[in-house]
A.B. asks: 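Below are the structure tokens for one structure; questions will follow.
We use all heavy atoms of the structure for the numbers below, so side chains are in, but hydrogens, waters and symmetry mates are not.
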Amino acid sequence: MKDCVVIGGGPAGLTAAIYLARFHLSVTVFHDHSSRASMIPMSHNHAGFPDGISGIELLARMKAQAKRYGAAIRSRTITTLRKVDNMFAAEFYNGSIRSRTVLLATGVVNRRSAMPKATHDDAVARGLIRYCPVCDGFEVTDKSVGVIGTGGKGFREAIFLRSYTRDLTLVSPKSVHDLSETEALSLAEHGIIVVAGPVAAIEPDNDTIRITTPTASYSFASIYPALGSDTCSTLASRIGARLSDEGCVRVDGHQGTTVSGFFAAGDVVAGLDQISHAMGQAGVAATTIRNELGERAVR
């Protein structure tokens, strides 16, 4: 019986594990190596690292810190989560574990353009494909940037990036754009080029990446796929936690869900998809878990 099982080994899950272990609570982290943070080639806006830090190095440091204080970290995928008699049972391949509380920190998965995984991952590592203008818009200052998207999502991403560069093109993933008259007018006023798709190919080169449509080919220093993401909240839904219309786990001010003893933090919760934000939520959740378990002990 554990005090807490943390599902997800990204910045939120590992921050919670550090807190919980230092509260002298027994905690096990389960992760499947799918954290989006591991794809970050170099983060320059994470406080305390003026020269930047890669996602892989940051996660490695956090894992070592959590394990130093006694947290267990297991490379397993939790497939089933149930609540029985005020306790939780989490199942994985060829095993299971019980805990008094659970923290879900499974994040989201970016929707990617159709291209080979190895090619995509290499382009991300080289900064040719980027997913977070809040994180790395600064790095594309005054460079040629392409945004793959349309509708409100593509519009907002293009307008956000306009504060970094004038050389900006919005490419529809389909044959035509789904933009309102107001959005189209605003894009034109900002000098953002609008190109009809569909995107036939995305091909990284040495220092540029090329998008090909049926009528032309465009070369950029970086592209941002603005295709949305899918929240990894299936376990929360199955256990009965309330979700938003977008599939994010709804939480209160202490990261508690509608299921007693079940908490959530990080990108699986609606909010700003940033490492610092996820870590802050995890600290709140872990402290609340500690206090709730303490209250149970004195009843």
A.B. asks: Considering non-hydrogen atoms only, spot the tightest contact between Ser219 and Ser144 and give its length.
C.D. replies: O-OG, 4.0 Å
A.B. asks: Is a side-chain N or O of Thr257 found less than 3.5 angstrom from the main chain of Phe262, in a donor-acceptor match?
C.D. replies: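 Yes; judged by distance alone, with no hydrogens or angles, the pair exists.
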A.B. asks: Starting from Leu20, can I reach Tyr69 by hopping between I/L/V/M/F/W/Y residues whose side chains sit under 4.5 Å apart?
C.D. replies: no
A.B. asks: Looking only at heavy atoms, which two atoms of Gly52 and Met42 are closest? And how far apart?
C.D. replies: C-SD, 3.4 Å
A.B. asks: Salt bridge between Asp167 and Lys143, side-chain N to carboxylate O under 4.0 Å?
C.D. replies: no
A.B. asks: Apply side-chain hydrogen bond (donor to acceptor under 3.5 Å, both in side chains) to residues Asp142 and Thr165 and explain how you reach the verdict.
C.D. replies: CA-CA 4 Å; Asp142 295 332; Thr165 179; 5.3 Å; no
A.B. asks: Can you classify the ring geometry of Phe23 versus Tyr19 as parallel (below 30°), tilted (30 to 60°) or perpendicular (above 60°)?
C.D. replies: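 The arrangement is perpendicular - the two ring planes meet at more than 60°.
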A.B. asks: Before accepting this row, confirm whether a basic side-chain N of the pair Glu91/Arg82 lies closer than 4.0 Å to the acidic partner's carboxylate O.
C.D. replies: yes
A.B. asks: Between the side chain of Arg126 and the main-chain N/O of Asn206, is any donor-acceptor distance below 3.5 Å?
C.D. replies: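 Yes; judged by distance alone, with no hydrogens or angles, the pair exists.
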A.B. asks: Looking only at side chains, do Ser229 and Asn110 share a donor and an acceptor under 3.5 Å apart?
C.D. replies: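 Looking only at side-chain atoms, Asn110 and Ser229 do not form any donor-acceptor pair under 3.5 Å.
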A.B. asks: Hey, does the side chain of Arg238 reach the backbone of Leu235 with a donor-acceptor pair shorter than 3.5 angstrom?
C.D. replies: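 Not at all, since once roles are kept as given, no pair shorter than 3.5 Å links the two residues.
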A.B. asks: Keeping the roles fixed (side chain from Ser237, backbone from Ser233), state whether a donor-acceptor pair exists under 3.5 Å.
C.D. replies: no
A.B. asks: Determine whether Thr15 and Met62 satisfy the following criterion, side-chain contact (heavy atoms from CB on, under 4.5 Å), listing intermediate values before the conclusion.
C.D. replies: CA-CA 7 Å; Thr15 296; Met62 295 181 74; 3.1 Å; yes
A.B. asks: Hydrophobic cluster membership, with links at side-chain heavy-atom distances under 4.5 Å among I/L/V/M/F/W/Y: are Met279 and Phe49 in one?
C.D. replies: yes
A.B. asks: Would you say Phe263 ends up clustered with Leu293 if hydrophobic residues are merged whenever their side chains have heavy atoms under 4.5 Å apart, either directly or through other cluster members?
C.D. replies: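 Yes, same cluster.
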A.B. asks: Can you confirm whether Ile202 sits close enough to Ile148 that some side-chain heavy atom of one is under 4.5 Å from a side-chain heavy atom of the other?
C.D. replies: yes
A.B. asks: Using a 3.5 Å distance criterion without hydrogens, assess whether the side chain of Glu57 forms a donor-acceptor pair with backbone atoms of Ser54.
C.D. replies: no
A.B. asks: Could you measure the distance from the NZ atom of Lys153 to the CG atom of Leu227? Nearest 0.5 Å is fine.
C.D. replies: 9.0 Å
A.B. asks: With a 4.5 Å limit on heavy-atom distance, are the side chains of Arg61 and Ile53 in contact?
C.D. replies: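 Yes, close enough: below the 4.5 Å cut-off.
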A.B. asks: One pair to check against side-chain contact (heavy atoms from CB on, under 4.5 Å): Asp230 and Arg111. What are the steps and the verdict?
C.D. replies: CA-CA 7 Å; Asp230 296 305; Arg111 295 172 189 164; 2.9 Å; yes
A.B. asks: Begin with the C-alpha distance, continue with both residues' side-chain angles, and end with the deciding distance and a verdict on side-chain contact (heavy atoms from CB on, under 4.5 Å) for Tyr224 and Leu161.
C.D. replies: CA-CA 10 Å; Tyr224 282 84; Leu161 281 161; 3.7 Å; yes
A.B. asks: Hey, is Asp85 close enough to Arg98 for a salt bridge, meaning N to O under 4.0 Å?
C.D. replies: no
A.B. asks: Begin from the C-alpha positions of Asp121 and Arg112 and carry the test salt bridge (Lys or Arg N to Asp or Glu O under 4.0 Å) through to its verdict.
C.D. replies: CA-CA 11 Å; Asp121 293 352; Arg112 303 178 177 182; 3.5 Å; yes
A.B. asks: Any side-chain heavy-atom pair from Glu203 and Thr212 closer than 4.5 angstrom?
C.D. replies: yes
A.B. asks: Test side-chain contact (heavy atoms from CB on, under 4.5 Å) on Val6 and Val27; report intermediate values, then the result.
C.D. replies: CA-CA 7 Å; Val6 176; Val27 54; 3.8 Å; yes
A.B. asks: Which heavy-atom pair separates Cys132 from Gln274 by the least distance, and what is that distance?
C.D. replies: SG-NE2, 3.3 Å
A.B. asks: What distance do Ile275 atom CD1 and Asp273 atom CG have between them, rounded to the nearest 0.5 Å?
C.D. replies: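 One gets 11.0 Å once the value is rounded to the nearest 0.5 Å.
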A.B. asks: Taking the side chain as every heavy atom from C-beta outward, state whether Arg36 and Asp267 have any pair of such atoms under 4.5 Å apart.
C.D. replies: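 Counting from C-beta outward, Arg36 and Asp267 do come under 4.5 Å.
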A.B. asks: Nearest 0.5 angstrom please: Cys4 SG to Arg290 CZ, how far?
C.D. replies: 14.0 Å
A.B. asks: Distance check, rounded to the nearest 0.5 Å: Ile7 atom CD1 versus Leu103 atom CG?
C.D. replies: 8.5 Å
A.B. asks: Can you confirm whether Asp207 is buried at CG, in the sense that more than 12 heavy atoms of other residues, nucleotides or ligands lie under 6.0 Å from that atom?
C.D. replies: no
A.B. asks: Tell me whether Thr288 contacts the main-chain N or O of Val284 through its side chain, where contact means a donor paired with an acceptor under 3.5 Å.
C.D. replies: yes
A.B. asks: Within 45° of the axis and under 6.0 Å from the centre of the six-membered ring of Phe30, does NZ or CZ of Arg76 qualify?
C.D. replies: no
A.B. asks: Is there any ring-ring contact (aromatic ring centres under 6.0 Å, His included) pair reaching into residues 170-222, and which pairs are they, with sequence neighbours excluded?
C.D. replies: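 Every candidate ring-ring contact (aromatic ring centres under 6.0 Å, His included) pair involving residues 170-222 fails, so no pair, neighbours aside, qualifies.
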A.B. asks: Do you know the tightest heavy-atom contact between Tyr164 and Pro133?
C.D. replies: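 Result for this residue pair: OH-O, 4.0 Å.
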A.B. asks: Is a side-chain donor or acceptor of Gln255 paired with a backbone partner of Gln281 at a separation under 3.5 angstrom?
C.D. replies: no
A.B. asks: Give me the atom names and distance for the closest heavy-atom approach of Ile223 to Pro225.
C.D. replies: O-CD, 3.7 Å
A.B. asks: If we only count heavy atoms from C-beta on, is the Ser113 to Pro173 side-chain gap below 4.5 Å?
C.D. replies: no
A.B. asks: Evaluate the side-chain proximity of Val84 to Met87: yes if any heavy-atom separation is below 4.5 Å, no if none is.
C.D. replies: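 In short, these two side chains do not touch, never coming nearer than 4.5 Å.
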A.B. asks: Out of curiosity, Ile40 CD1 to Leu58 CG, how far, rounded to the nearest 0.5 Å?
C.D. replies: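 Rounded to the nearest 0.5 Å, the CD1-CG separation comes out at 7.5 Å.
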A.B. asks: Quiz question: by atom type and distance under 3.5 Å, do the side chains of Arg130 and Ser222 form a donor-acceptor pair?
C.D. replies: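 Note: Arg130 and Ser222 side chains meet the donor-acceptor criterion.
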A.B. asks: Could you report the tightest heavy-atom contact between Pro41 and Val124, atom names first, then the distance?
C.D. replies: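 Where Pro41 meets Val124 most closely, the heavy atoms are CG-O, 3.5 Å.
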A.B. asks: So how far is it from Ile73 CD1 to His31 NE2, rounded to the nearest 0.5 Å?
C.D. replies: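 Ile73 atom CD1 to His31 atom NE2 measures 6.5 Å (nearest 0.5 Å).
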A.B. asks: I'd like to know whether His33 forms a side-chain hydrogen bond (donor to acceptor under 3.5 Å, both in side chains) with Ser75, so could you lay out the CA-CA distance, the side-chain angles of the two residues, the decisive distance to 0.1 Å, and finally the verdict.
C.D. replies: CA-CA 7 Å; His33 304 279; Ser75 298; 3.1 Å; yes
A.B. asks: Under the 3.5 angstrom rule, does the side chain of Ser38 hit a backbone N or O of Ile56 as a donor-acceptor pair?
C.D. replies: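 Looks like no, no N/O pair under 3.5 Å.
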A.B. asks: Any non-hydrogen side-chain atom of Arg100 less than 4.5 Å from a side-chain atom of Lys2?
C.D. replies: no
A.B. asks: Going by the rule ring pair (Phe, Tyr, Trp, His ring centres under 6.0 Å), which residues pair with His24 if we only count those two or more places apart in sequence or in a different chain?
C.D. replies: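 For His24, no residue satisfies ring pair (Phe, Tyr, Trp, His ring centres under 6.0 Å) once neighbours in sequence are set aside.
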A.B. asks: Consider only side-chain heavy atoms of I, L, V, M, F, W and Y, link residues closer than 4.5 Å, and tell whether Val102 and Val249 are in one cluster.
C.D. replies: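 Cluster IDs for Val102 and Val249 match.
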A.B. asks: Can a donor-acceptor pair be found, under 3.5 Å and without considering hydrogens, that links the side chain of Lys83 to the backbone of Ser260?
C.D. replies: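 Looks like yes, one N/O pair under 3.5 Å.
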A.B. asks: Please determine whether residues Phe138 and Leu168 belong to a single hydrophobic cluster, defined as Ile, Leu, Val, Met, Phe, Trp and Tyr linked transitively by side-chain heavy-atom distances below 4.5 Å.
C.D. replies: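 Yes, Phe138 connects to Leu168 through the hydrophobic network.
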A.B. asks: Among all residues two or more places apart in sequence or in another chain, which pass the side-chain hydrogen bond (donor to acceptor under 3.5 Å, both in side chains) test with Asn291?
C.D. replies: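 By the side-chain hydrogen bond (donor to acceptor under 3.5 Å, both in side chains) rule, Asn291 matches no residue at all.
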A.B. asks: Give a yes or no on whether the backbone of Ser34 and the side-chain of Asp32 come within a donor-acceptor separation of less than 3.5 Å.
C.D. replies: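 It does hold such a pair.
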A.B. asks: For atom NE2 of His44, decide whether the heavy atoms of other residues, nucleotides or ligands shown that lie under 6.0 angstrom number more than 12.
C.D. replies: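 Atom NE2 in His44 is crowded, with more than 12 foreign heavy atoms closer than 6.0 Å.
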A.B. asks: Should Val29 and Arg74 count as side-chain neighbours, where that means a heavy-atom distance under 4.5 Å?
C.D. replies: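 SC-SC contact between Val29 and Arg74 ruled out.
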